2 protein chains.
Amino acid sequence: MTSTTRHTSPQPRPPRLGPAEHSLLGLLASAGPDGIHGYDLARQYTHGALGEIIRLESGMLYHHLKKLDRYGMITTHVEHQTDRPDRQVHTLTAAGRRQLDHWLREPVRATRDIRLDFLLKLFFTRRLIPAHLDELIAQQRSVLTALAESLRAQMQEPATGDDAIERRMVLRLRQAQTEAALAWLESLPTTENAT
Amino acid sequence: MTSTTRHTSPQPRPPRLGPAEHSLLGLLASAGPDGIHGYDLARQYTHGALGEIIRLESGMLYHHLKKLDRYGMITTHVEHQTDRPDRQVHTLTAAGRRQLDHWLREPVRATRDIRLDFLLKLFFTRRLIPAHLDELIAQQRSVLTALAESLRAQMQEPATGDDAIERRMVLRLRQAQTEAALAWLESLPTTENAT
DNA sequence: AGAGCCATGTAAGAGGTTACATGATTAG
DNA sequence: CTAATCATGTAACCTCTTACATGGCTCT
(Lines give C-alpha, C1' and ligand atoms only; values in the text may rest on other atoms or scores of the structure.)
Protein backbone atom coordinates (compact mmCIF):
# COMPACT_ATOMS: atom_id res chain seq x y z
CA MET A 1 0.00 0.00 0.00
CA THR A 2 1.67 3.16 -1.20
CA SER A 3 -0.06 6.49 -1.02
CA THR A 4 0.03 8.17 -4.41
CA THR A 5 -2.22 11.16 -3.84
CA ARG A 6 -0.50 14.50 -4.19
CA HIS A 7 -2.19 17.64 -2.98
CA THR A 8 0.38 20.12 -4.19
CA SER A 9 -2.28 21.97 -6.21
CA PRO A 10 -5.64 20.90 -4.78
CA GLN A 11 -8.10 23.05 -6.75
CA PRO A 12 -6.62 24.12 -10.12
CA ARG A 13 -9.95 25.74 -11.03
CA PRO A 14 -13.44 26.10 -9.60
CA PRO A 15 -14.63 22.51 -9.96
CA ARG A 16 -17.64 22.19 -12.18
CA LEU A 17 -18.70 18.60 -12.00
CA GLY A 18 -21.17 16.88 -14.26
CA PRO A 19 -23.73 14.19 -13.46
CA ALA A 20 -21.22 11.38 -14.11
CA GLU A 21 -18.77 12.79 -11.59
CA HIS A 22 -21.47 13.38 -9.00
CA SER A 23 -22.65 9.82 -9.39
CA LEU A 24 -19.08 8.67 -8.72
CA LEU A 25 -19.04 10.75 -5.55
CA GLY A 26 -22.31 9.07 -4.61
CA LEU A 27 -20.89 5.60 -5.12
CA LEU A 28 -17.79 6.51 -3.13
CA ALA A 29 -19.99 7.75 -0.30
CA SER A 30 -21.87 4.44 -0.37
CA ALA A 31 -18.59 2.53 -0.25
CA GLY A 32 -17.60 4.09 3.06
CA PRO A 33 -14.19 4.80 4.56
CA ASP A 34 -12.54 1.64 3.18
CA GLY A 35 -12.80 3.04 -0.32
CA ILE A 36 -13.47 1.32 -3.60
CA HIS A 37 -11.49 0.78 -6.79
CA GLY A 38 -12.28 1.72 -10.38
CA TYR A 39 -13.23 -1.68 -11.69
CA ASP A 40 -15.72 -2.18 -8.87
CA LEU A 41 -17.24 1.20 -9.67
CA ALA A 42 -17.47 0.30 -13.36
CA ARG A 43 -19.53 -2.78 -12.49
CA GLN A 44 -22.16 -0.64 -10.78
CA TYR A 45 -22.77 1.15 -14.07
CA THR A 46 -23.16 -2.05 -16.07
CA HIS A 47 -25.22 -4.05 -13.55
CA GLY A 48 -28.01 -2.58 -11.48
CA ALA A 49 -30.34 0.38 -11.73
CA LEU A 50 -27.58 2.97 -12.09
CA GLY A 51 -26.91 1.72 -15.61
CA GLU A 52 -30.54 2.47 -16.50
CA ILE A 53 -29.97 6.10 -15.57
CA ILE A 54 -26.48 6.82 -16.87
CA ARG A 55 -23.99 5.04 -19.08
CA LEU A 56 -20.31 5.41 -18.20
CA GLU A 57 -17.55 3.76 -20.23
CA SER A 58 -14.43 2.69 -18.39
CA GLY A 59 -12.30 5.23 -20.23
CA MET A 60 -14.39 8.11 -18.99
CA LEU A 61 -14.72 6.58 -15.54
CA TYR A 62 -10.97 6.53 -14.96
CA HIS A 63 -10.72 9.99 -16.45
CA HIS A 64 -13.30 11.32 -13.99
CA LEU A 65 -11.53 9.65 -11.06
CA LYS A 66 -8.30 11.45 -11.99
CA LYS A 67 -10.17 14.73 -12.14
CA LEU A 68 -11.85 14.16 -8.77
CA ASP A 69 -8.43 13.40 -7.29
CA ARG A 70 -6.96 16.60 -8.76
CA TYR A 71 -9.80 18.56 -7.20
CA GLY A 72 -9.20 16.97 -3.80
CA MET A 73 -12.62 15.32 -3.77
CA ILE A 74 -11.13 11.85 -3.36
CA THR A 75 -7.83 10.32 -2.29
CA THR A 76 -6.14 7.47 -4.07
CA HIS A 77 -3.76 4.78 -2.90
CA VAL A 78 -2.43 1.69 -4.64
CA GLU A 79 -3.34 -1.68 -3.19
CA HIS A 80 -0.82 -4.26 -4.30
CA GLN A 81 -2.09 -7.70 -5.25
CA THR A 82 0.03 -10.71 -6.12
CA ASP A 83 -2.35 -12.81 -8.17
CA ARG A 84 -4.26 -9.90 -9.76
CA PRO A 85 -3.39 -6.51 -11.21
CA ASP A 86 -2.84 -3.80 -8.60
CA ARG A 87 -5.85 -1.73 -7.63
CA GLN A 88 -6.17 1.95 -7.02
CA VAL A 89 -8.48 2.32 -4.05
CA HIS A 90 -10.32 5.65 -3.85
CA THR A 91 -11.83 7.24 -0.77
CA LEU A 92 -14.15 10.23 -0.50
CA THR A 93 -12.66 13.28 1.25
CA ALA A 94 -14.58 15.75 3.40
CA ALA A 95 -14.51 18.20 0.49
CA GLY A 96 -15.93 15.53 -1.80
CA ARG A 97 -18.71 14.76 0.62
CA ARG A 98 -19.54 18.46 0.95
CA GLN A 99 -19.72 18.76 -2.83
CA LEU A 100 -21.96 15.71 -3.04
CA ASP A 101 -24.32 16.94 -0.32
CA HIS A 102 -24.54 20.35 -1.93
CA TRP A 103 -25.38 18.83 -5.30
CA LEU A 104 -27.97 16.52 -3.76
CA ARG A 105 -29.75 19.47 -2.21
CA GLU A 106 -30.18 21.39 -5.48
CA PRO A 107 -33.25 20.70 -7.61
CA VAL A 108 -32.70 20.85 -11.38
CA ARG A 109 -33.90 23.94 -13.22
CA ALA A 110 -34.95 22.49 -16.59
CA THR A 111 -37.33 19.68 -17.47
CA ARG A 112 -34.76 17.98 -19.68
CA ASP A 113 -32.49 17.54 -16.64
CA ILE A 114 -35.07 15.39 -14.87
CA ARG A 115 -34.17 12.37 -16.93
CA LEU A 116 -30.50 12.29 -15.94
CA ASP A 117 -29.59 14.68 -13.12
CA PHE A 118 -32.72 14.44 -11.05
CA LEU A 119 -32.91 10.65 -11.31
CA LEU A 120 -29.35 10.49 -10.00
CA LYS A 121 -30.17 12.82 -7.11
CA LEU A 122 -33.18 10.68 -6.30
CA PHE A 123 -31.13 7.49 -6.48
CA PHE A 124 -28.39 8.70 -4.14
CA THR A 125 -30.67 10.59 -1.77
CA ARG A 126 -32.62 7.37 -1.22
CA ARG A 127 -29.40 5.52 -0.58
CA LEU A 128 -27.45 8.07 1.47
CA ILE A 129 -29.80 10.55 3.12
CA PRO A 130 -33.32 9.07 2.91
CA ALA A 131 -34.51 11.55 5.54
CA HIS A 132 -34.09 14.26 2.93
CA LEU A 133 -36.15 12.50 0.26
CA ASP A 134 -39.40 14.37 0.83
CA GLU A 135 -37.62 17.70 0.81
CA LEU A 136 -35.86 16.94 -2.49
CA ILE A 137 -39.10 15.94 -4.13
CA ALA A 138 -40.96 18.93 -2.73
CA GLN A 139 -38.31 21.37 -3.95
CA GLN A 140 -38.23 19.83 -7.40
CA ARG A 141 -41.99 19.97 -7.53
CA SER A 142 -42.02 23.66 -6.75
CA VAL A 143 -39.46 24.35 -9.51
CA LEU A 144 -41.45 22.41 -12.08
CA THR A 145 -44.72 23.96 -10.96
CA ALA A 146 -43.29 27.44 -11.50
CA LEU A 147 -42.03 26.36 -14.93
CA ALA A 148 -45.42 24.94 -15.85
CA GLU A 149 -47.14 28.16 -14.81
CA SER A 150 -44.73 30.26 -16.83
CA LEU A 151 -45.41 28.08 -19.87
CA ARG A 152 -49.14 28.38 -19.32
CA ALA A 153 -48.78 32.17 -19.17
CA GLN A 154 -46.86 32.18 -22.43
CA MET A 155 -49.60 30.11 -24.04
CA GLN A 156 -52.16 32.72 -22.95
CA GLU A 157 -50.40 35.47 -24.88
CA PRO A 158 -52.06 36.19 -28.21
CA ALA A 159 -50.36 34.39 -31.09
CA THR A 160 -48.62 36.90 -33.34
CA GLY A 161 -46.20 36.67 -36.24
CA ASP A 162 -46.00 34.29 -39.19
CA ASP A 163 -44.39 31.51 -37.17
CA ALA A 164 -47.00 31.62 -34.43
CA ILE A 165 -48.13 28.05 -35.15
CA GLU A 166 -44.59 26.71 -34.82
CA ARG A 167 -43.98 28.60 -31.59
CA ARG A 168 -47.18 27.17 -30.13
CA MET A 169 -46.23 23.63 -31.10
CA VAL A 170 -42.92 24.04 -29.28
CA LEU A 171 -44.60 25.56 -26.25
CA ARG A 172 -47.18 22.82 -26.07
CA LEU A 173 -44.51 20.13 -26.21
CA ARG A 174 -42.54 21.76 -23.42
CA GLN A 175 -45.73 22.06 -21.43
CA ALA A 176 -46.64 18.42 -22.00
CA GLN A 177 -43.17 17.21 -20.96
CA THR A 178 -43.11 19.42 -17.89
CA GLU A 179 -46.54 18.32 -16.76
CA ALA A 180 -45.67 14.65 -17.32
CA ALA A 181 -42.57 15.09 -15.17
CA LEU A 182 -44.68 16.78 -12.50
CA ALA A 183 -47.25 14.00 -12.46
CA TRP A 184 -44.46 11.43 -12.19
CA LEU A 185 -42.87 13.39 -9.34
CA GLU A 186 -46.11 13.41 -7.43
CA SER A 187 -46.52 9.67 -7.84
CA LEU A 188 -43.11 9.00 -6.26
CA PRO A 189 -42.94 7.00 -3.02
CA THR A 190 -42.39 9.41 -0.13
CA THR A 191 -41.81 8.74 3.55
CA GLU A 192 -45.60 8.56 4.09
CA ASN A 193 -46.06 5.64 1.73
CA ALA A 194 -42.59 4.12 1.91
CA THR A 195 -41.65 0.51 1.20
CA MET B 1 -17.74 37.01 -57.49
CA THR B 2 -15.05 34.38 -57.29
CA SER B 3 -15.91 30.72 -56.90
CA THR B 4 -14.06 29.31 -53.96
CA THR B 5 -15.58 25.86 -53.68
CA ARG B 6 -13.16 23.02 -54.31
CA HIS B 7 -14.43 19.53 -54.87
CA THR B 8 -11.10 17.77 -55.05
CA SER B 9 -12.07 15.44 -52.17
CA PRO B 10 -15.86 15.57 -51.93
CA GLN B 11 -16.61 13.08 -49.14
CA PRO B 12 -13.61 12.56 -46.84
CA ARG B 13 -15.71 10.28 -44.62
CA PRO B 14 -19.27 9.00 -44.40
CA PRO B 15 -21.03 12.20 -43.41
CA ARG B 16 -22.78 11.95 -40.09
CA LEU B 17 -24.68 15.16 -39.64
CA GLY B 18 -26.30 16.38 -36.46
CA PRO B 19 -29.52 18.34 -35.96
CA ALA B 20 -27.74 21.69 -36.32
CA GLU B 21 -26.34 20.76 -39.71
CA HIS B 22 -29.65 19.39 -40.91
CA SER B 23 -31.37 22.58 -39.88
CA LEU B 24 -28.84 24.50 -41.96
CA LEU B 25 -29.65 22.30 -44.95
CA GLY B 26 -33.30 23.08 -44.31
CA LEU B 27 -32.69 26.82 -44.29
CA LEU B 28 -30.61 26.56 -47.46
CA ALA B 29 -33.44 24.64 -49.12
CA SER B 30 -35.85 27.40 -48.10
CA ALA B 31 -33.51 30.02 -49.54
CA GLY B 32 -33.68 28.54 -53.03
CA PRO B 33 -31.15 28.57 -55.88
CA ASP B 34 -29.91 32.11 -55.18
CA GLY B 35 -28.32 30.91 -51.97
CA ILE B 36 -27.91 32.63 -48.67
CA HIS B 37 -24.96 33.84 -46.59
CA GLY B 38 -23.88 33.00 -43.07
CA TYR B 39 -24.99 36.14 -41.31
CA ASP B 40 -28.47 35.83 -42.76
CA LEU B 41 -28.62 32.26 -41.54
CA ALA B 42 -27.47 33.30 -38.09
CA ARG B 43 -30.39 35.73 -37.85
CA GLN B 44 -32.88 32.92 -38.37
CA TYR B 45 -31.59 31.25 -35.21
CA THR B 46 -31.85 34.38 -33.09
CA HIS B 47 -35.20 35.66 -34.37
CA GLY B 48 -38.17 33.44 -35.10
CA ALA B 49 -39.36 30.02 -34.00
CA LEU B 50 -36.16 28.22 -35.01
CA GLY B 51 -34.38 29.78 -32.07
CA GLU B 52 -36.97 28.26 -29.74
CA ILE B 53 -35.99 24.81 -30.98
CA ILE B 54 -32.23 25.04 -31.36
CA ARG B 55 -29.55 27.49 -30.35
CA LEU B 56 -26.64 27.98 -32.75
CA GLU B 57 -23.78 30.36 -32.03
CA SER B 58 -22.12 32.04 -34.98
CA GLY B 59 -18.86 30.19 -34.37
CA MET B 60 -20.51 26.81 -34.71
CA LEU B 61 -22.63 28.01 -37.61
CA TYR B 62 -19.62 28.92 -39.73
CA HIS B 63 -17.94 25.71 -38.65
CA HIS B 64 -20.90 23.65 -39.83
CA LEU B 65 -21.01 25.50 -43.14
CA LYS B 66 -17.37 24.58 -43.76
CA LYS B 67 -18.14 20.96 -42.97
CA LEU B 68 -21.17 20.90 -45.28
CA ASP B 69 -19.01 22.36 -48.03
CA ARG B 70 -16.32 19.70 -47.48
CA TYR B 71 -18.99 17.02 -47.77
CA GLY B 72 -20.29 18.47 -51.01
CA MET B 73 -23.69 19.27 -49.50
CA ILE B 74 -23.41 22.96 -50.35
CA THR B 75 -21.37 25.17 -52.67
CA THR B 76 -19.81 28.46 -51.66
CA HIS B 77 -18.89 31.56 -53.59
CA VAL B 78 -17.76 34.98 -52.45
CA GLU B 79 -20.00 37.93 -53.23
CA HIS B 80 -17.94 41.11 -53.23
CA GLN B 81 -19.49 44.21 -51.66
CA THR B 82 -18.00 47.68 -51.68
CA ASP B 83 -19.73 49.29 -48.70
CA ARG B 84 -20.03 46.13 -46.57
CA PRO B 85 -17.82 43.14 -45.79
CA ASP B 86 -17.77 40.48 -48.49
CA ARG B 87 -20.30 37.69 -48.16
CA GLN B 88 -19.94 33.99 -48.74
CA VAL B 89 -23.11 32.88 -50.42
CA HIS B 90 -23.98 29.21 -49.97
CA THR B 91 -26.24 27.10 -52.18
CA LEU B 92 -27.65 23.64 -51.56
CA THR B 93 -26.36 20.93 -53.92
CA ALA B 94 -28.34 17.94 -55.16
CA ALA B 95 -26.46 15.77 -52.66
CA GLY B 96 -27.36 18.17 -49.88
CA ARG B 97 -31.01 18.09 -50.84
CA ARG B 98 -30.96 14.28 -50.93
CA GLN B 99 -29.45 14.20 -47.46
CA LEU B 100 -32.06 16.63 -46.17
CA ASP B 101 -34.98 14.72 -47.69
CA HIS B 102 -33.67 11.46 -46.30
CA TRP B 103 -33.34 12.93 -42.83
CA LEU B 104 -36.80 14.48 -42.99
CA ARG B 105 -38.32 11.10 -43.79
CA GLU B 106 -36.83 9.33 -40.75
CA PRO B 107 -38.75 9.39 -37.48
CA VAL B 108 -36.61 9.61 -34.34
CA ARG B 109 -36.11 6.42 -32.32
CA ALA B 110 -35.92 7.77 -28.76
CA THR B 111 -38.29 9.99 -26.78
CA ARG B 112 -35.50 12.37 -25.81
CA ASP B 113 -34.94 13.17 -29.51
CA ILE B 114 -38.47 14.53 -29.86
CA ARG B 115 -37.53 17.82 -28.25
CA LEU B 116 -34.80 18.71 -30.73
CA ASP B 117 -34.63 16.44 -33.78
CA PHE B 118 -38.31 15.79 -34.28
CA LEU B 119 -39.27 19.44 -33.77
CA LEU B 120 -36.79 20.36 -36.50
CA LYS B 121 -38.17 17.73 -38.85
CA LEU B 122 -41.66 19.04 -38.17
CA PHE B 123 -40.57 22.63 -38.75
CA PHE B 124 -38.90 21.97 -42.09
CA THR B 125 -41.44 19.45 -43.34
CA ARG B 126 -44.15 22.06 -42.82
CA ARG B 127 -42.07 24.57 -44.71
CA LEU B 128 -40.63 22.46 -47.51
CA ILE B 129 -42.80 19.39 -48.12
CA PRO B 130 -46.12 19.99 -46.32
CA ALA B 131 -47.70 17.15 -48.32
CA HIS B 132 -45.56 14.79 -46.27
CA LEU B 133 -46.61 16.18 -42.88
CA ASP B 134 -49.26 13.57 -42.09
CA GLU B 135 -46.90 10.77 -43.01
CA LEU B 136 -44.13 12.09 -40.77
CA ILE B 137 -46.48 12.40 -37.83
CA ALA B 138 -47.99 8.98 -38.44
CA GLN B 139 -44.57 7.33 -38.62
CA GLN B 140 -43.39 9.02 -35.46
CA ARG B 141 -46.57 8.02 -33.73
CA SER B 142 -46.03 4.38 -34.61
CA VAL B 143 -42.46 4.49 -33.30
CA LEU B 144 -43.53 6.03 -30.01
CA THR B 145 -46.49 3.69 -29.67
CA ALA B 146 -44.19 0.68 -29.99
CA LEU B 147 -41.88 2.22 -27.40
CA ALA B 148 -44.76 2.84 -25.02
CA GLU B 149 -45.91 -0.74 -25.38
CA SER B 150 -42.45 -2.10 -24.73
CA LEU B 151 -42.23 0.02 -21.60
CA ARG B 152 -45.63 -1.18 -20.47
CA ALA B 153 -44.49 -4.77 -20.99
CA GLN B 154 -41.39 -4.14 -18.90
CA MET B 155 -43.57 -2.72 -16.15
CA GLN B 156 -45.63 -5.90 -16.16
CA GLU B 157 -42.61 -8.05 -15.38
CA PRO B 158 -42.39 -8.97 -11.71
CA ALA B 159 -40.08 -6.68 -9.78
CA THR B 160 -36.99 -8.56 -8.67
CA GLY B 161 -33.66 -7.59 -7.12
CA ASP B 162 -32.80 -5.10 -4.43
CA ASP B 163 -32.94 -2.10 -6.77
CA ALA B 164 -36.39 -3.01 -8.09
CA ILE B 165 -37.90 0.21 -6.74
CA GLU B 166 -35.32 2.36 -8.49
CA ARG B 167 -35.74 0.51 -11.77
CA ARG B 168 -39.50 1.05 -11.60
CA MET B 169 -39.09 4.76 -10.95
CA VAL B 170 -36.92 5.08 -14.04
CA LEU B 171 -39.34 3.03 -16.11
CA ARG B 172 -42.32 5.06 -14.99
CA LEU B 173 -40.58 8.31 -15.87
CA ARG B 174 -39.71 7.04 -19.33
CA GLN B 175 -43.28 5.89 -19.73
CA ALA B 176 -44.69 9.23 -18.61
CA GLN B 177 -42.42 11.17 -20.99
CA THR B 178 -43.18 8.87 -23.91
CA GLU B 179 -46.91 9.06 -23.35
CA ALA B 180 -46.79 12.84 -23.03
CA ALA B 181 -44.93 13.06 -26.35
CA LEU B 182 -47.52 10.75 -27.93
CA ALA B 183 -50.43 12.83 -26.69
CA TRP B 184 -48.75 15.97 -28.01
CA LEU B 185 -48.11 14.29 -31.37
CA GLU B 186 -51.76 13.39 -31.68
CA SER B 187 -52.82 16.95 -30.96
CA LEU B 188 -50.72 18.31 -33.81
CA PRO B 189 -52.45 20.08 -36.71
CA THR B 190 -52.66 17.71 -39.66
CA THR B 191 -53.92 18.30 -43.19
CA GLU B 192 -57.48 17.51 -42.00
CA ASN B 193 -57.58 20.36 -39.50
CA ALA B 194 -55.02 22.66 -41.09
CA THR B 195 -54.84 26.42 -40.67
C1' DA C 1 -18.99 60.41 -30.25
C1' DG C 2 -20.56 56.05 -29.17
C1' DA C 3 -23.55 52.13 -29.89
C1' DG C 4 -24.67 48.68 -32.62
C1' DC C 5 -25.05 46.37 -37.02
C1' DC C 6 -22.67 43.84 -40.76
C1' DA C 7 -19.82 39.66 -41.69
C1' DT C 8 -16.63 36.19 -40.79
C1' DG C 9 -14.21 33.87 -38.16
C1' DT C 10 -10.27 32.11 -34.31
C1' DA C 11 -8.70 30.39 -29.87
C1' DA C 12 -8.88 27.63 -25.94
C1' DG C 13 -10.82 24.34 -23.46
C1' DA C 14 -14.21 21.08 -21.63
C1' DG C 15 -16.41 16.90 -22.51
C1' DG C 16 -17.61 12.83 -24.83
C1' DT C 17 -17.26 8.57 -28.06
C1' DT C 18 -15.12 4.52 -29.86
C1' DA C 19 -11.81 1.61 -30.02
C1' DC C 20 -7.88 -0.52 -28.71
C1' DA C 21 -3.52 -1.95 -25.49
C1' DT C 22 -1.75 -4.70 -21.80
C1' DG C 23 -1.08 -8.93 -19.36
C1' DA C 24 -2.18 -12.15 -16.07
C1' DT C 25 -5.59 -15.53 -14.33
C1' DT C 26 -9.53 -18.48 -14.29
C1' DA C 27 -13.57 -20.99 -16.07
C1' DG C 28 -15.69 -23.93 -19.53
C1' DC D 1 -7.76 -24.16 -26.19
C1' DT D 2 -10.65 -20.34 -25.94
C1' DA D 3 -13.09 -16.97 -23.78
C1' DA D 4 -14.02 -14.17 -20.20
C1' DT D 5 -12.66 -11.68 -16.06
C1' DC D 6 -9.68 -8.56 -13.63
C1' DA D 7 -7.72 -3.80 -13.77
C1' DT D 8 -6.18 0.35 -15.75
C1' DG D 9 -5.72 3.02 -18.98
C1' DT D 10 -4.24 5.53 -24.03
C1' DA D 11 -5.20 7.50 -28.67
C1' DA D 12 -7.67 9.70 -31.98
C1' DC D 13 -11.28 12.15 -32.94
C1' DC D 14 -15.70 14.84 -32.54
C1' DT D 15 -18.67 18.30 -30.62
C1' DC D 16 -19.93 22.16 -28.09
C1' DT D 17 -19.23 26.32 -25.32
C1' DT D 18 -17.49 30.81 -24.42
C1' DA D 19 -15.24 34.46 -25.56
C1' DC D 20 -12.94 37.45 -28.30
C1' DA D 21 -10.82 39.71 -33.01
C1' DT D 22 -11.47 42.55 -36.97
C1' DG D 23 -12.93 46.73 -39.29
C1' DG D 24 -15.94 49.53 -41.72
C1' DC D 25 -20.42 51.59 -41.73
C1' DT D 26 -24.89 53.65 -40.01
C1' DC D 27 -27.88 55.62 -36.76
C1' DT D 28 -28.89 58.72 -32.94
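Below, chain A is the first sequence line, B the second, and so on; all start at residue 1. Just so it is clear, the model here is predicted, and its values are computed rather than measured.
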> Is there a donor in the side chain of A/Thr111 and an acceptor in the side chain of A/Arg174, or the other way round, less than 3.5 Å apart?
no
> Sequence neighbours excluded, which residues qualify as salt bridge (charged side-chain N to carboxylate O under 4.0 Å, His left out) partners of A/Asp86?
none
> Could you state the CG-P distance from A/Leu116 to C/dG15, rounded to the nearest angstrom?
14 Å
> Should the pair A/Lys121-A/Asp117 be classified as a salt bridge under the 4.0 Å nitrogen-to-oxygen rule?
no
> Name the nucleic acid region contacted by A/Arg43, choosing base, sugar-phosphate or nothing; use a 4.0 angstrom heavy-atom cut-off, strictly under.
sugar-phosphate
> Rounded to whole angstrom units, what separation is found between the CG atom of A/Leu17 and the C1' atom of C/dG15?
13 Å
> Tell me which nucleotide among D/dA7, C/dG15, C/dG9 gets nearest to the side chain of A/Arg87.
D/dA7
> Do any side-chain nitrogens or oxygens of A/His63 fall under 4.0 Å of OP1 or OP2 in C/dA14?
no
> Can you measure A/Asp86 atom CG to C/dG23 atom C1' for me and round it to whole angstrom units?
12 Å
> Return a single string for nucleotides 18-28 of chain D, one symbol per nucleotide in 5' to 3' order, where B is base contact, S is sugar-phosphate-only contact and - is none, cutoff 4.0 angstrom on heavy atoms.
B----B-SS--
> Between B/His80 (NE2) and C/dT8 (C1'), how many Å, whole number?
15 Å
> Separation of A/Lys67 atom NZ from D/dG9 atom P, in whole Å?
17 Å
> Would you tell me whether B/His90 and B/Thr76 have side-chain atoms, one donor and one acceptor, within less than 3.5 Å of each other?
yes
> Between A/Asp101 and A/Arg105, does any NZ, NE, NH1 or NH2 come within less than 4.0 Å of an OD or OE carboxylate oxygen?
no
> Under 4.0 Å between a side-chain nitrogen and a carboxylate oxygen: does that hold for B/Glu157 and B/Arg168?
no
> Rounding to a whole Å, what distance do you find between B/Tyr62:OH and C/dA11:P?
17 Å
> Would you work out how much the helix from C/dA1-D/dT28 to C/dG28-D/dC1 bends between its ends, with each end axis defined by five base pairs, to 10 degrees?
30°
> Separation of B/Leu56 atom CG from C/dA7 atom C1', in whole Å?
16 Å
> Got a sec? Which of residues 21-39 of chain A come in under 4.0 Å of DNA chain C, heavy atoms?
none
> In whole angstrom, give the distance that lies between atom CG of A/Leu61 and atom P of D/dT8.
9 Å
> Is any side-chain heavy atom of A/Thr91 less than 4.5 Å from a side-chain heavy atom of A/Leu28?
no
> Using the ring-ring contact (aromatic ring centres under 6.0 Å, His included) criterion, which residues pair with B/Trp184? Sequence neighbours excluded.
none
> Please determine whether the number of non-hydrogen atoms from other residues, nucleotides or ligands lying under 6.0 Å from atom CZ of A/Arg112 exceeds 12.
no
> On DNA chain C, does the nearest nucleotide to B/Gln81 precede the nearest nucleotide to A/Gly18 from the 5' side, or the other way round? Give the residue.
B/Gln81
> Only counting residues at least two apart or in another chain, list the ones meeting side chain to side chain contact (heavy atoms under 4.5 Å, CB included) with A/Tyr39.
A/His37, A/Arg43, A/Tyr62
> Would you mind checking if B/Arg84 and B/Glu79 are paired as a salt bridge, meaning a charged N to carboxylate O distance below 4.0 Å?
no
> Under a 4.5 Å cut-off applied to non-hydrogen side-chain atoms, are A/Ile114 and A/Gln177 in contact?
no
